Amino acid sequence: MRNEHVCNATPRASVIAMALSASTIAAPPQRAETTRGPVVLAATELSSPAGPGAMAPHVAEDPAGGIWLTWLEPIAAPPPGEPGSAKPEAAPEPQRLWSLRTAHLDAHSNWSPASTIAAGSEFFANWADTPGVTPAPGGALYAHFLERIDSSSPYAYGVVLIRSDDRGGSWLRLGTAHTDHRPVEHGFVSTLSGPDRLSMVWLDGRAMTGDGHGEEAAGDMALMARTIVPGQEHLVDEVPLDPRTCECCNTGMAMTSRGPIVVYRDRGDDERRDISCVRLVDGKWTEPRDVARDGWILPGCPVNGPAVAASGGTVLVAWYTAADGGALIKAALSTDCGETFREPIVIADELGAERRTPHGRVAAVIDPDRRAAYVLWLGDAGPDEAADLPLAATRDAAEPGYAKTPAGALRLTGIDLDTQAVGSSRTIALADASRSGGFPRIARLDWDRLFTAWTDTTSGRQVRTAIVSLDD
């Protein structure tokens, strides 16, 4: 019988305390320079196409130009007495009618009309495990969402895959990503569209008892992969990539010049939960290997997975850890498509000069024109940021359900890919540091702008978006 994991159950502070009491302290992490790194100029908020109560944003770069944004939007009103957003540590969301919505942002920062991909009462709506759209080079759109398998079990859900051949005008259901239909957890999907196929990976609980949660939970969560060839209505090649992973940390996937790379939080026999990767090379998946060896021993899942970005042979992986005596955001660089990684550098450190505790929830993007990478992460808000930040929003502490919600800040940090110099972090927006705030997203809009999206709960719940201008 394994230890009960803390996925969607234990507050973050408790997770960190457990980690520090049981961690193997690794060598001091490398501190990168902070004077010559890429600079973020400013963030300008866009009017969001998402409606009231929206959550769980997902962004994807369109090969034809622009950005696809997806989100979950409630159809029915929250039950009486429930605040406009989820309670700080609530997961999953109350079962109600939800719609999966999408809109396209063009290069002139104009939104297309929002459209509904799917709707129903069996959606699994969650702050960490989110649906999304993946555009294919030929113009097709693929979308995935989470659907309950057994309504009596809150974490029994599967991954549904659908396709649109008319830019989201209509959708064809292709089936579930997995052949297993037991009432257990299947989720935390990453998708990647190549020139001739769609690749997808997910966490699969088919070897677990119950729904994988609670005191009686046993067995291991696995990492699985599958592909679909455009024009075919069936999925092929369901392949196990790692039989034992962290139970509910998000995965990441990016395309290198040699093929896809997948990153995830692994789980060792000694409960070490560091970041690993697998690659698809010559049509075969490699064995899992460490991106870095932090030595974070944790008897539960921190719900805080890695992010990966790639361009050509350059790969950057960013992640959160608490293995070195405090909370850190780290990044590791590869110049050979992820076959090897350099020693990790520190992006954010609660013991550093800024004295901000990083909470993780990282996202990453590479700008090949500048030879730069940008890491978006959630940290504590500074004491005077609310007065100075253009995108700041304040919360009335007297509002029911909000008084104890911690204030956070979305921070963006640039990294020089040639020197590994780290630029000064810049706050993009104030945010909810509890689980209700979910995971922020980032994508490259064009040569000098990035696009970001996040769930804001400062005045009811909504999905907000912004354009970030970069320095030349």
Side-chain angles (χ1 to χ4, degrees), residues 28-45 306-307 309 311 314 316-321 324 326-333 342-393 406-431 433 437 439-445 447-454 466-472:
Q30 176 185 350
R31 263 55 174 191
E33 296 182 50
T34 59
T35 56
R36 300 199 313 273
V39 176
V40 177
L41 291 182
T44 304
E45 185 163 15
S311 177
T314 301
L316 182 107
V317 180
W319 69 94
Y320 170 88
T321 184
D324 295 311
L328 301 101
I329 309 293
K330 288 184 175 183
L333 182 68
R342 298 177 184 175
E343 285 297 313
I345 57 176
V346 174
I347 302 298
D349 180 356
E350 66 179 335
L351 305 178
E354 292 185 344
R355 296 292 176 181
R356 297 172 184 270
T357 299
H359 300 276
R361 307 190 206 172
V362 295
V365 65
I366 283 181
D367 183 343
D369 296 330
R370 287 174 174 75
R371 291 293 301 159
Y374 297 89
V375 178
L376 185 67
W377 51 279
L378 180 67
D380 283 344
D384 58 350
E385 281 186 323
D388 300 331
L389 189 65
L391 303 189
L410 293 181
R411 306 280 288 171
L412 188 62
T413 307
I415 305 170
D416 187 303
L417 294 176
D418 296 318
T419 67
Q420 296 197 108
V422 177
S424 298
S425 298
R426 186 180 188 91
T427 295
I428 301 303
L430 294 188
F439 283 73
R441 307 294 183 179
I442 192 168
R444 188 169 181 251
L445 182 57
W447 72 275
D448 66 344
R449 295 182 299 167
L450 304 177
F451 172 81
T452 61
W454 67 97
I467 298 293
V468 179
S469 299
L470 302 176
D471 183 18
D472 285 336

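Quick caveat, the model's predicted, so the values are computed rather than measured. Numbers here are sequence positions counted from 1.
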How long is the span from the [atom1] atom in [X] to the [atom2] atom in [Y], to the nearest 0.5 Å?
X: I345; Y: Q420; atom1: CD1; atom2: CD; value: 5.0 Å
X: I347; Y: T413; atom1: CD1; atom2: OG1; value: 6.0 Å
X: I442; Y: W377; atom1: CD1; atom2: CH2; value: 13.0 Å
X: L445; Y: S469; atom1: CG; atom2: OG; value: 10.0 Å
X: L450; Y: Y374; atom1: CG; atom2: OH; value: 6.5 Å
X: W447; Y: L470; atom1: CH2; atom2: CG; value: 9.0 Å

Residue pair [X] / [Y]: nearest heavy atoms and the distance that separates them:
X: A433; Y: R361; result: O-NH2, 3.0 Å
X: A364; Y: A307; result: N-CB, 3.9 Å
X: V365; Y: A443; result: CG2-C, 4.3 Å
X: A372; Y: P38; result: CB-CG, 3.5 Å

- What residues, two or more places apart in sequence or in another chain, satisfy salt bridge (Lys or Arg N to Asp or Glu O under 4.0 Å) together with R449?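 R449 satisfies salt bridge (Lys or Arg N to Asp or Glu O under 4.0 Å) with D446 once adjacent residues are dropped.
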- Query: Is a donor on one side and an acceptor on the other found under 3.5 Å between the side chain of R411 and the backbone of A348?
  - Reply: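 Between the backbone of A348 and the side chain of R411 there is no qualifying donor-acceptor contact (under 3.5 Å).
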- Item | Check: A429 main-chain N/O paired with T427 side-chain donor or acceptor under 3.5 Å |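 Such a contact is absent between T427 side chain and A429 backbone.
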Just wondering, do [Y] and [X] contact through their side chains at under 4.5 Å, heavy atoms?
X: Y320; Y: P306; answer: no
X: L376; Y: V362; answer: no
X: R426; Y: V39; answer: no
X: V375; Y: L412; answer: no
X: I467; Y: F451; answer: yes

- Item | SB check D416 R371 (cutoff 4.0 Å) |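 Looking at R371 together with D416, the answer is no, because their closest N to O distance does not fall below 4.0 Å.
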- Message: Between the side chains of R370 and D418, is the shortest nitrogen-to-carboxylate-oxygen separation below 4.0 Å, so that they form an ion pair?
- Response: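 No, this pair does not count.
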- Message: So, using side-chain hydrogen bond (donor to acceptor under 3.5 Å, both in side chains) as the criterion, who are the partners of T452 when residues are at least two apart?
- Response: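 side-chain hydrogen bond (donor to acceptor under 3.5 Å, both in side chains) list for T452, sorted by chain: empty.
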- Message: side chain to side chain contact (heavy atoms under 4.5 Å, CB included), that's the test. Do K330 and T321 meet it? Break it down for me.
- Response: CA-CA 8 Å; K330 288 184 175 183; T321 184; 4.1 Å; yes
- Message: Would I366 and L417 count as a side chain to side chain contact (heavy atoms under 4.5 Å, CB included) here? Give the steps.
- Response: CA-CA 9 Å; I366 283 181; L417 294 176; 4.1 Å; yes
